[in-house]
There are 2 protein chains.
Amino acid sequence: MFIEIEANSSVPIYLQLAQQLIEGIARGDLKPGDSLPSVRAFAADLGMNMHTVNKAYHYLEEKEFIQIVAKSGVIIQPNGIPKASEKEKQQLAAQIRPLIAEGLVLKLSEEEMVAMLRELVQDIKEGKL
Amino acid sequence: MFIEIEANSSVPIYLQLAQQLIEGIARGDLKPGDSLPSVRAFAADLGMNMHTVNKAYHYLEEKEFIQIVAKSGVIIQPNGIPKASEKEKQQLAAQIRPLIAEGLVLKLSEEEMVAMLRELVQDIKEGKL
DNA sequence: GACTTGCTCTATCATATATAGAACAAATGT
DNA sequence: ACATTTGTTCTATATATGATAGAGCAAGTC
């Protein structure tokens, strides 16, 4: 797993970390049952604070993408991650919606945005930045 | 323009306001040259602070969706909003990317996400919540 | 000339982000 | 058995952001 953190981003670094782990799962680089580094080791590796890694882990745990086993370690959801519930789909749509609206204001056609989405899926699966 | 602000959202209310104005533009409800309420009047109408509306306006001005004419008023970009530049497209893609990745983790297929996008475009154009 | 306009300034309060260090108790590795 | 590692919890500090509040300014509008 290669993690790239932009210090000068408006996206908090705990979120950047969580998002890149999510991409790792999407890509299949991180599989069910795989263990993640300890908060201390990961923090040292990434040059950030232990509590920041911890926050990223809890963010992912709340989404049920990982399991945090106290005093033991952190693993990718061992039974596999279930398909999106209706609630999760709606939450995703609600988050994407303002971006689509902005695209429309910028005169992007529906087809252009569909193409953009398909390219993003490819990029993510290929681990392409 | 009907504006709905959720007080208990994690999205700042100045951003909610800006996003709903963007939807108004996308929908064609707000056309080039249309004037927006004064910061004071809008704030009173929405039950929020003048400075919060002002922040939303400056957010939109930075995107060049509106023009703020000091000591006069605020209008939708009178010459029309130009088509997205490459930079704007990349910025949009960068913001959508983590959401697509999350969709993939939740086992949504590319086609399901395309369908979701098409529905969002419809909803926005119809002003449907 | 009165009113409205966006802008600026100071101020306060709450929350979020990030770092730091210490201590705890249980699981793990040898 | 013992030392190490683990996530958790606590206090603490610093910075940034979000939101509100009120006052005053200078220029545009009616």
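FYI, side chains are in, hydrogens and waters are out, and symmetry mates aren't considered; it's all heavy atoms of this structure. In this text, all values refer to a predicted model and were calculated from it rather than measured experimentally.
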- Item | Whole-Å gap separating P (D/dA19) and CG (B/L15) | 8 Å
- List for me each residue that meets salt bridge (charged side-chain N to carboxylate O under 4.0 Å, His left out) alongside B/E110, sequence neighbours excluded, and say none if there are none. A/R118
- Query: Could you state the OH-C1' distance from B/Y57 to D/dG18, rounded to the nearest angstrom?
  - Reply: 19 Å
- Judged by nearest nucleotide, the residue sitting upstream toward the 5' end of DNA chain D, A/G73 or B/I13, is A/G73
- Query: Between A/I75 (CD1) and D/dT5 (P), how many Å, whole number?
  - Reply: 21 Å
- Message: Looking at A/E126, I want to see if its CD is surrounded by more than 12 non-hydrogen atoms of other residues, nucleotides or ligands under 6.0 Å.
- Response: yes
- Query: To the side chain of A/T52, which of C/dT19, C/dG6, D/dA19 is closest?
  - Reply: C/dT19
- On DNA chain C, more 5' by nearest nucleotide between A/S72 and A/V11 is A/V11
- Task: Select one nucleotide: of C/dA22, D/dG7, C/dC9, the one nearest the side-chain heavy atoms of A/M50.
- Result: C/dA22
- Item | Whole angstrom value for the distance that separates P of D/dA19 from CD of B/Q16 | 8 Å
- Note on the structure: Of the listed D/dT8, D/dA23, C/dG6, the closest approach to the A/I68 side chain comes from D/dT8
- For C/dT5, does either OP1 or OP2 sit under 4.0 Å from a side-chain N or O belonging to B/S38? yes
- Note on the structure: Smallest heavy-atom separation, A/G127 atom then A/R27 atom, equals CA-NE, 3.4 Å
- Task: Take A/R40 and B/K71, find for each the nucleotide of DNA chain C with the closest heavy atom, and name the residue whose nucleotide sits nearer the 5' end.
- Result: B/K71
- Would you say C/dT17 has OP1 or OP2 under 4.0 Å from some side-chain N or O of A/Y14? yes
- Integer-rounded Å distance: C/dA18 C1' and A/I5 CD1: 13 Å
- Task: Starting at atom NE2 of A/H51, determine the distance to atom P of D/dT8, rounded to an integer number of angstrom.
- Result: 11 Å
- Message: With a cut-off of less than 4.0 Å, is there a side-chain N or O of B/H58 near OP1 or OP2 of C/dC7?
- Response: yes
- Message: Rounded to whole Å, how long is the line connecting atom CZ of A/F42 with atom P of D/dT6?
- Response: 13 Å
- Basic-acidic side-chain contact under 4.0 Å: A/K63, A/E88: no
- Roughly how many Å is it from NZ in A/K55 to C1' in C/dT19, rounded to a whole number? 12 Å
- Task: Would you please classify the geometry between the A/Y14 ring and the A/Y59 ring as parallel, tilted or perpendicular, with 30° and 60° separating the classes?
- Result: perpendicular
